[in-house]
Amino acid sequence: MSNKPNNQIRLKFLIIGDSAVGKTSMLLKYTDNFFPESHLATIGVEFKTKEIEYNGYKVELQVWDTAGQERFKSITKSFFRNTNGIIFVYDITQKNTFKNVKDWIKDSEVNDFGFKRILVGNKIDLQNRRQVQLEDAKEMADKKNMEVMETSAKTGANVNKVFMKLVELILENKSNEEIMNQFGLIDKKGTEKLSTGNKNIKRKKCC
């Protein structure tokens with residue numbers, strides 16, 4: 001059992017990439033262990049949440065699916081605000097999605113609020129149709145100082161590992177005080193901090 005007081009924290013993640021690379025499927029597989037057999041243009045909500053435990057902390061992950069944004073080829077600055085981590089997704093069977101992910105990464109660099117990033121090649125269950133080699137993805141990731149992983153939203157391969165790795169990147173090398181000040185749900189005044197979209201509101205914690 002952890003000795004850390006008020007060890008509840010919240011992290012906000014974005015999943016970004018071209019249409020049909022598997023962003024929504026990856027989100028649903030992670031939060032609900034569900035894989036939609038047909039392509040979903042949107043999941044009908046802006047984000048889903050999942051609670052995990054990491055190194056003694058109770059972590060609420062608020063994961064935003066950017067479905068629909070890809071048609072505009074840009075993500076607004078307000079969408080990046082308050083974001084702690086970004087998962088950039090491409091389809092290993094579609095080389096153009098790998099090329100386009102460079103533009104999504106550039107968007108994040110223009111609107112860098114200090115978040116961590118990870119590059120993900122999805123659909124490794126379709127190895128016979130592979131167009132993007134892992135070595136090429138590693139080369140891009142190294143240039144951008146990013147981690148790189150490959151997943152299958154269909155089988156679930158490495159999906160959980162992607163989210164856990166991003167949590168590690170955000171929290172590693174931080175003291176308990178730094179973590180609670182930056183991500184804690186309870187501030188020093190005993191006030192519970194709530195997040196609604198990109199706006200932060202507070203309410204008094206009730207006994």
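Fair warning: this is a prediction, and the values are worked out from it, not measured in the lab. Residues take their numbers from the sequence shown, with the count starting at 1.
How far CG of Asp142 is from CD of Glu147: 9.5 Å, rounded to the nearest 0.5 Å. Note that NZ of Lys144 and OG of Ser108 are 8.0 Å apart. Values are rounded to the nearest 0.5 Å. The NZ atom of Lys102 lies 7.0 Å from the NZ atom of Lys143; values are rounded to the nearest 0.5 Å. Summarising the geometry, atom CZ belonging to Arg10 is positioned 9.0 Å from atom OG1 belonging to Thr49; distances are rounded to the nearest 0.5 Å. To the nearest 0.5 Å, the span separating CG on Leu61 from OH on Tyr54 amounts to 12.0 Å. Within the model, atoms CG of Asn7 and CD of Glu53 stand 8.0 Å from one another, a figure rounded to the nearest 0.5 Å.
Residues Pro36 and Thr24 form no side-chain contact, since every pair of their non-hydrogen atoms from C-beta on lies 4.5 Å or further apart. Under the 4.5 Å side-chain criterion, counting only non-hydrogen atoms from C-beta, Ile52 is in contact with Met164. Taking 4.5 Å as the limit, some side-chain heavy atom of Met140 sits within range of a side-chain heavy atom of Ile105. Residues Val167 and Ile170 have side chains not in contact (no heavy-atom distance under 4.5 Å, counting atoms from C-beta outward). Residues Ile9 and Leu171 have side chains in contact (heavy-atom distance under 4.5 Å, counting atoms from C-beta outward).
Checked against side chain to side chain contact (heavy atoms under 4.5 Å, CB included), Lys174 has the following partners two or more places apart in sequence or in another chain: Glu178, Ile179, Gln182, Phe183. Asp32 meets the salt bridge (Lys or Arg N to Asp or Glu O under 4.0 Å) test with Lys48; sequence neighbours excluded. The salt bridge (Lys or Arg N to Asp or Glu O under 4.0 Å) test applied to Glu172 returns no partner, not counting sequence neighbours. Contacts of Thr155 classified as side-chain hydrogen bond (donor to acceptor under 3.5 Å, both in side chains), with partners at least two apart in sequence or in another chain: Ser152.
Formation of a donor-acceptor pair under 3.5 Å by the Lys165 side chain with backbone atoms of Val148 is not found in this model. Listed for the Lys23 side chain is no donor-acceptor partner under 3.5 Å among the backbone atoms of Thr66.
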Steps toward side-chain contact (heavy atoms from CB on, under 4.5 Å) verdict (Leu166, Ile118): CA-CA 7 Å; Leu166 202 48; Ile118 186 168; 4.2 Å; yes
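Judged by a 6.0 Å distance limit and a 45° cone about the ring axis, Lys50 is not positioned over the six-membered ring of Phe163.
By the criterion of side-chain heavy atoms lying less than 4.5 angstrom apart, applied directly or through intervening Ile, Leu, Val, Met, Phe, Trp or Tyr residues, Leu126 is not grouped with Ile124; the two fall into different hydrophobic clusters. Using a 4.5 Å cut-off between side-chain heavy atoms of Ile, Leu, Val, Met, Phe, Trp and Tyr, with links allowed through other members, Phe47 and Leu14 fall into the same hydrophobic cluster.
Identified under the salt bridge (Lys or Arg N to Asp or Glu O under 4.0 Å) test for residues 110-120, with sequence neighbours left out: Glu109-Arg117.
The environment of Asn145 atom CG is sparse: at most 12 non-hydrogen atoms of other residues, nucleotides or ligands sit within 6.0 angstrom.
Across all their heavy atoms, Ala141 and Leu119 have their closest contact at CB-CD2, 4.3 Å. The minimum heavy-atom distance between Met26 and Ala153, with the atom names listed, is N-CB, 3.7 Å.
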Please report, to 0.1 Å, the donor-acceptor pairs under 3.5 Å made by any side chain of residues 85-98, with sequence neighbours excluded.
residue : atom : partner : partner atom : Å
Asp91   : OD1  : Thr93   : N            : 2.8
Asp91   : OD1  : Thr93   : OG1          : 2.8
Asp91   : OD2  : Thr93   : OG1          : 3.2
Asp91   : OD2  : Lys123  : NZ           : 3.1
Thr97   : OG1  : Asp91   : N            : 2.9
Thr97   : OG1  : Asp91   : O            : 3.2
Thr97   : OG1  : Gln94   : O            : 2.7

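Below 30°, between 30° and 60°, or above 60°: for Trp64 and Phe79 the angle between ring planes is above 60°, a perpendicular geometry.
Remark: of the listed residues Asn82, Thr83, Leu11, Asn84, Thr83 is the sole one forming a side-chain contact (heavy atoms from CB on, under 4.5 Å) with Phe115.
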